Amino acid sequence: MRRKLAAGNWKMNGTASALTELGNLAYSCKSAKAEVLICPPATLLYRAANVCVDSKVNIGAQDCHSATYGAHTGDLSAEMLHDAGATAVILGHSERRADHGESDETVRAKAKTAIAAGLTAIICVGETLEDREAGKTLDVVRAQLAGSLPDDTSGTTVVVAYEPVWAIGTGKVPTVEQIAEVHNDLRASLVKRFGGETANAIRLLYGGSVKASNAKEIFAVAHVDGALVGGASLKAADFAPIVAALDASA
């Protein structure tokens with residue numbers, strides 16, 4: 001059985017005062033069955049990991065460099081993130097792909113480095129509104145999946161997050177039928193490339209305007225093993241009900 005995962009991406013939000021919310025979340029999730037992960041900005045990683053010691057909440061990062069060390073001013077290596085307390089790292093988020101021109105090849109290189117450092121790589125894929133309206137959703141997502149995942153992908157090293165770009169932070173959510181279509185296709189693509197045993201161990205998350213009011217419906221979709229949540233992960237009162245809904249879907 002794939003363990004459910006509720007991951008929160010704080011993006012470029014949060015200073016030291018946000019650690020109070022993290023403590024509240026750790027308390028709210030003390031009986032959670034699902035894995036809970038919060039990815040704060042890098043400036044908070046070490047302190048966040050300390051806040052969550054002996055709790056059900058793990059801490060992840062939002063990006064890493066593909067190199068293990070070197071002359072890369074302003075960047076952080078996967079080993080540094082692991083040393084600061086991270087257990088996972090988000091890679092290939094649409095905002096990184098768009099704002100920093102990250103290609104599938106770049107994401108794949110980062111994933112290989114992250115895995116080597118002992119981090120779980122949460123690899124994001126997803127189509128734009130233009131792609132969807134042109135009927136290219138599955139083609140785009142398949143290409144990103146194929147190009148971004150390392151050959152040594154396994155259920156313990158990689159999580160795949162489907163995030164339609166047009167649904168991120170917009171309040172727009174695909175229908176359950178649209179989510180099911182993509183998640184079914186993702187699973188089939190993984191089976192084709194890695195074989196059934198490995199493919200069925202890889203968790204598939206949905207992300208894009210997930211909140212307490214729609215979480216139950218989304219988590220009822222086949223092959224949705226959890227969520228990658230943005231804005232609703234910033235407050236414990238908003239994120240804890242999503243975790244509860246995921247627990248109830250198990």
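This one's a predicted model, so the numbers in the text were calculated from it and none came from an experiment.
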Closest heavy-atom contact between [X] and [Y]?
X    : Y    : result
V107 : G92  : CG2-CA, 3.5 Å
L246 : A6   : CD2-N, 3.6 Å
A32  : V243 : CB-CG1, 4.0 Å
W10  : L44  : CZ3-CD1, 4.2 Å
L25  : A240 : CD1-N, 4.1 Å
P174 : Y206 : CD-OH, 2.9 Å

Sequence neighbours excluded and cut-off under 3.5 Å, please list the side-chain donor-acceptor pairs for residues 150-159, or say none.
residue : atom : partner : partner atom : Å
D151    : OD1  : R108    : NH2          : 2.9
D151    : OD1  : R193    : NH2          : 2.8
D151    : OD2  : R108    : NH2          : 3.3
T153    : OG1  : P150    : O            : 2.7
S154    : OG   : T156    : N            : 3.3
S154    : OG   : T156    : OG1          : 3.1
S154    : OG   : T157    : N            : 3.4
S154    : OG   : T157    : OG1          : 3.1
T157    : OG1  : S154    : N            : 3.0
T157    : OG1  : S154    : O            : 3.4

- Item | salt bridge (charged side-chain N to carboxylate O under 4.0 Å, His left out) partners of residues 159-182, not counting sequence neighbours, each pair once | none

- Pairs where residues 203-214 contributes a residue and the test salt bridge (charged side-chain N to carboxylate O under 4.0 Å, His left out) is met, not counting sequence neighbours: E35-R203

- Message: Quick check on Q178: does its CD atom have over 12 non-hydrogen neighbours (other residues, nucleotides or ligands) under 6.0 Å away?
- Response: yes

- Message: With a sphere of 6.0 Å drawn around NZ of K56, does it hold more than 12 non-hydrogen atoms of other residues, nucleotides or ligands?
- Response: yes

Side chains of [X] and [Y]: closer than 4.5 Å at any heavy-atom pair?
X    : Y    : value
V89  : T120 : no
S249 : K216 : no
L190 : T198 : no
L204 : V224 : no

Mind checking what makes salt bridge (charged side-chain N to carboxylate O under 4.0 Å, His left out) contact with [X], not counting sequence neighbours?
X    : answer
E21  : none
D83  : none
D63  : R96, K110
E127 : R132

Just how far is it from atom [atom1] of [X] to atom [atom2] of [Y], taken to the nearest 0.5 Å?
X    : Y    : atom1 : atom2 : value
K112 : L91  : NZ    : CG    : 13.5 Å
N9   : L234 : CG    : CG    : 9.0 Å
D99  : H93  : CG    : NE2   : 10.0 Å
I202 : L186 : CD1   : CG    : 10.5 Å
C124 : I168 : SG    : CD1   : 7.5 Å
L205 : I90  : CG    : CD1   : 9.5 Å

Could you state whether [X] and [Y] fall into the same hydrophobic cluster, counting links through intermediate Ile, Leu, Val, Met, Phe, Trp or Tyr residues with side-chain heavy atoms under 4.5 angstrom apart?
X    : Y    : value
I123 : L119 : yes
V51  : V36  : yes
I38  : I242 : yes
V182 : V173 : yes
I115 : M80  : yes

- Query: Should V176 and I218 be marked as a side chain to side chain contact (heavy atoms under 4.5 Å, CB included) after you check the CA-CA gap, both sets of side-chain angles, and the distance that decides it?
  - Reply: CA-CA 6 Å; V176 291; I218 291 171; 5.5 Å; no

- Item | side chain to side chain contact (heavy atoms under 4.5 Å, CB included) involving A48 - partner list, sequence neighbours excluded | L19, L22, P40, I59

Does [Y] offer a backbone N or O that forms a donor-acceptor pair with the side chain of [X] under 3.5 Å?
X    : Y    : answer
T113 : A109 : yes
N214 : V210 : no
R47  : A16  : no
D185 : L138 : no
D238 : S233 : no
H65  : A67  : yes

- Fit a plane to each ring of Y162 and H183, take the angle between them on a 0 to 90° scale, and name the class: parallel (under 30°), tilted (30 to 60°) or perpendicular (over 60°). perpendicular

- Whichever hydrophobic residues join W166 through chains of side-chain contacts under 4.5 Å: L129

- Give the C-alpha distance, both sets of side-chain angles, the deciding distance and a yes or no for side chain to side chain contact (heavy atoms under 4.5 Å, CB included) between D131 and V141. CA-CA 10 Å; D131 293 329; V141 172; over 6 Å; no

Sequence neighbours excluded, which residues qualify as side chain to side chain donor-acceptor pair (under 3.5 Å) partners of [X]?
X    : answer
R97  : D104, S148
R187 : H223, D225
S103 : E105, T106

- Note on the structure: Exactly one of H100, Q62, K11 clears side chain to side chain donor-acceptor pair (under 3.5 Å) with E95, and that residue is K11

